[in-house]
2 protein chains.
Amino acid sequence: MSSFDATENRINRTCERAPGFPREAAMLVRLVKALAGGVHGAANVALREYGLNHTDYNVLMMLYGSDNGVITPSELRDAAAEKSANITRVCNSLCERGWIQRVPDRHDRRKVMLSLTAAGEALIGRFLPTMGQLLERYTQDFSGDDMASLERLLKRLLANVDSVEQSP
Amino acid sequence: MSSFDATENRINRTCERAPGFPREAAMLVRLVKALAGGVHGAANVALREYGLNHTDYNVLMMLYGSDNGVITPSELRDAAAEKSANITRVCNSLCERGWIQRVPDRHDRRKVMLSLTAAGEALIGRFLPTMGQLLERYTQDFSGDDMASLERLLKRLLANVDSVEQSP
DNA sequence: AATAAGTAGTTCATTTATGTACTAAATATT
DNA sequence: AATATTTAGTACATAAATGAACTACTTATT
């Protein structure tokens, strides 16, 4: 008896009432939503002691994984899968708290270079072990093949969703 | 070249900088977030003409798929994967617009029975074909096996995420 | 060189979502 | 029966996210 049964039952009944409604796609979309919410919530709980939320964490980690530790707000928007207005807001907050810094780009004055401060690097050093362990629990019982095929299928699904966003 | 490459590259670099960081789990979590955002955004665009957003749609559809067309706020919270405070807010809005109604439960006076009005049923009848087509595009090129194994893997992942929420 | 078109980033108003605290009612315990 | 505990739902304050409009700058076109 999973937390998802309540949803699955209702999708099944929907398909009875509305023949032709795509059961599988609906299931996948709801599973993705439930997962995103669950992961988001669990990360928020784990990160609270560091004064961070899951979005802050994502942004910091994308900076951490960038070449030379530098990224622009637009790149960050793509890498963190956030809207640009949200990137501005989150970066304001991270700047105010001294974890990242904004430096104008000399060559293209429209651009801004975001980078971690020493304090930001230190912060990441502190929460990274905890967050790594949390992530590992999610795939505890997965084989390498399980993870690889899940990744592959999700990428295909994402490509289809992206293509809808291109031509709605 | 996918929209996800910006993320994947940075996860890879993170694993170089922090050996032991679980690449696969991080990839899966980010894919799920990107998917949830993409699906949410595309649904919002498609539903705008009906005066609805994706959350409204989810709530209405869970009602549509419920036995006797009745559901309580708590059941709805689980079925729609929303927080209860959000369920209250969304239902207030749907009530005000005349698509659902609240009726107190005679047997347990703590409970509230939510149900669709005739106007709500009619609304669903109007957007359902469009939304079904949108969903179908997501799994266009998926075989039955693809969908089944993706569903199975996502359910396992969700079970693990849920178990973390039980014992953080 | 002047103008048009496109890009990067932010601001602002509004919507959406969350945590916490609270009320009321049901159930369990004594 | 009285009291404690649990459950259902909501209210409220706050946080997070979004769409749309706007500024500043760069690149393309004439």
Side-chain angles (χ1 to χ4, degrees), chain A residues 33-34 36-45 47-49 51-59 70-97 100-114 165 168, chain B residues 6 33-34 36-49 51-59 70-97 100-114 165 168:
Chain A
K33 174 169 174 43
V39 163
H40 191 65
N44 280 342
V45 170
L47 289 162
R48 183 162 306 161
E49 63 176 298
L52 296 170
N53 63 27
H54 192 217
T55 307
D56 298 331
Y57 163 83
N58 276 341
V59 161
V70 171
I71 195 171
T72 67
S74 297
E75 294 168 331
L76 192 49
R77 172 201 59 207
D78 298 336
E82 295 291 339
K83 299 288 158 54
S84 55
N86 210 29
I87 290 294
T88 298
R89 182 184 59 81
V90 170
C91 288
N92 284 344
S93 153
L94 295 174
C95 277
E96 281 164 17
R97 291 185 285 170
I100 70 172
Q101 59 201 154
R102 284 186 171 103
V103 177
D105 183 327
R106 210 166 250 85
H107 304 296
D108 186 340
R109 286 189 305 170
R110 291 170 304 180
K111 290 189 182 173
V112 171
M113 313 284 245
L114 299 164
E165 294 200 296
Chain B
K33 174 168 173 48
V39 163
H40 191 65
N44 281 341
V45 169
L47 289 163
R48 185 162 305 161
E49 64 176 297
L52 297 171
N53 64 24
H54 192 216
T55 306
D56 297 332
Y57 163 82
N58 276 341
V59 161
V70 172
I71 195 172
T72 67
S74 297
E75 292 167 332
L76 191 50
R77 172 201 59 206
D78 297 336
E82 294 290 339
K83 298 289 157 55
S84 56
N86 210 30
I87 290 296
T88 298
R89 180 183 60 81
V90 170
C91 288
N92 284 342
S93 154
L94 295 174
C95 277
E96 282 163 18
R97 292 185 284 171
I100 71 173
Q101 59 200 158
R102 286 187 169 102
V103 176
D105 184 328
R106 211 165 250 83
H107 305 297
D108 184 339
R109 287 189 304 169
R110 292 169 307 178
K111 290 189 182 172
V112 171
M113 313 284 244
L114 299 164
E165 294 200 295

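Values in this document were obtained by computation on a predicted structure and should not be read as measured data. To find a chain, count down the sequence lines: A is the first, B the second, and so on, and within it residues start at 1.
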Can you name the closest pair of heavy atoms from [X] and [Y] and give their distance?
{"X": "Leu76(A)", "Y": "Cys91(A)", "result": "CD2-SG, 3.8 Å"}
{"X": "Ala81(B)", "Y": "Ala34(A)", "result": "CB-CA, 4.2 Å"}
{"X": "Ala43(B)", "Y": "His54(B)", "result": "CB-CD2, 3.3 Å"}
{"X": "Ile87(B)", "Y": "Arg77(B)", "result": "CG1-CA, 3.7 Å"}
{"X": "Gly38(B)", "Y": "Glu165(A)", "result": "O-OE2, 3.6 Å"}

>> Using the rule given for side chain to side chain donor-acceptor pair (under 3.5 Å), can you reason through Asn86(B) versus Arg89(B), listing the C-alpha separation, both sets of side-chain angles and the distance that settles it, and then say yes or no?
In response: CA-CA 5 Å; Asn86(B) 210 30; Arg89(B) 180 183 60 81; 2.6 Å; yes

> Are side-chain heavy atoms of Thr55(B) and His40(B) found at a separation under 4.5 Å?
Replying inline: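 Answer yes - side chains close enough.
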
Round to a whole Å and report the spacing from [atom1] of [X] to [atom2] of [N].
{"X": "Ile87(A)", "N": "dG19(D)", "atom1": "CD1", "atom2": "P", "result": "14 Å"}
{"X": "Leu94(A)", "N": "dA15(D)", "atom1": "CG", "atom2": "C1'", "result": "15 Å"}
{"X": "Asn44(B)", "N": "dT18(D)", "atom1": "CG", "atom2": "P", "result": "9 Å"}
{"X": "Asp105(B)", "N": "dT7(D)", "atom1": "CG", "atom2": "P", "result": "17 Å"}
{"X": "Arg106(A)", "N": "dC25(D)", "atom1": "CZ", "atom2": "P", "result": "15 Å"}
{"X": "Asp56(A)", "N": "dA16(D)", "atom1": "CG", "atom2": "C1'", "result": "10 Å"}
{"X": "Ile71(B)", "N": "dA8(D)", "atom1": "CD1", "atom2": "C1'", "result": "14 Å"}
{"X": "Leu52(B)", "N": "dT18(D)", "atom1": "CG", "atom2": "C1'", "result": "17 Å"}

>> By nearest heavy atom, map Asn92(A) and Gly41(A) onto DNA chain C; which one lands nearer the 5' end?
In response: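 So the residue in question is Asn92(A).
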
> If you find the nucleotide of DNA chain C closest to His40(B) and the one closest to Arg102(A), which residue's nucleotide is nearer the 5' end?
Replying inline: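 This one resolves to Arg102(A).
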
> Leu114(A) and side-chain contact (heavy atoms from CB on, under 4.5 Å): which partner among Val59(A), Val103(A), Val70(A), Ile71(A)?
Replying inline: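 Output: one option passes, namely Ile71(A).
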
> Could you give the start and end, 5' to 3', of the contact zone on DNA chain C for chain B, using atoms under 4.0 Å from its heavy atoms?
Replying inline: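 Answer, 5' to 3': dT16(C) to dA26(C).
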
>> Both Asp108(A) and Thr55(A) contact DNA chain D. Which one's nearest nucleotide lies toward the 5' end?
In response: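 Counting from the 5' end, the first nearest nucleotide belongs to Thr55(A).
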
> Which residues within residues 72-86 of chain A lie with some heavy atom under 4.0 Å of an atom in DNA chain C?
Replying inline: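 By residue number: Thr72(A), Pro73(A), Ser74(A), Ser84(A), Ala85(A).
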
> Looking for any heavy atom pair under 4.0 Å, which part of the strands does Asn53(B) touch: base, sugar-phosphate only, or nothing?
Replying inline: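 Answer is sugar-phosphate: Asn53(B) comes under 4.0 Å of backbone atoms only.
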
> Between the main-chain N or O of Asn53(A) and the side-chain N or O of Asn44(A), is there a donor-acceptor pair closer than 3.5 Å?
Replying inline: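 No.
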
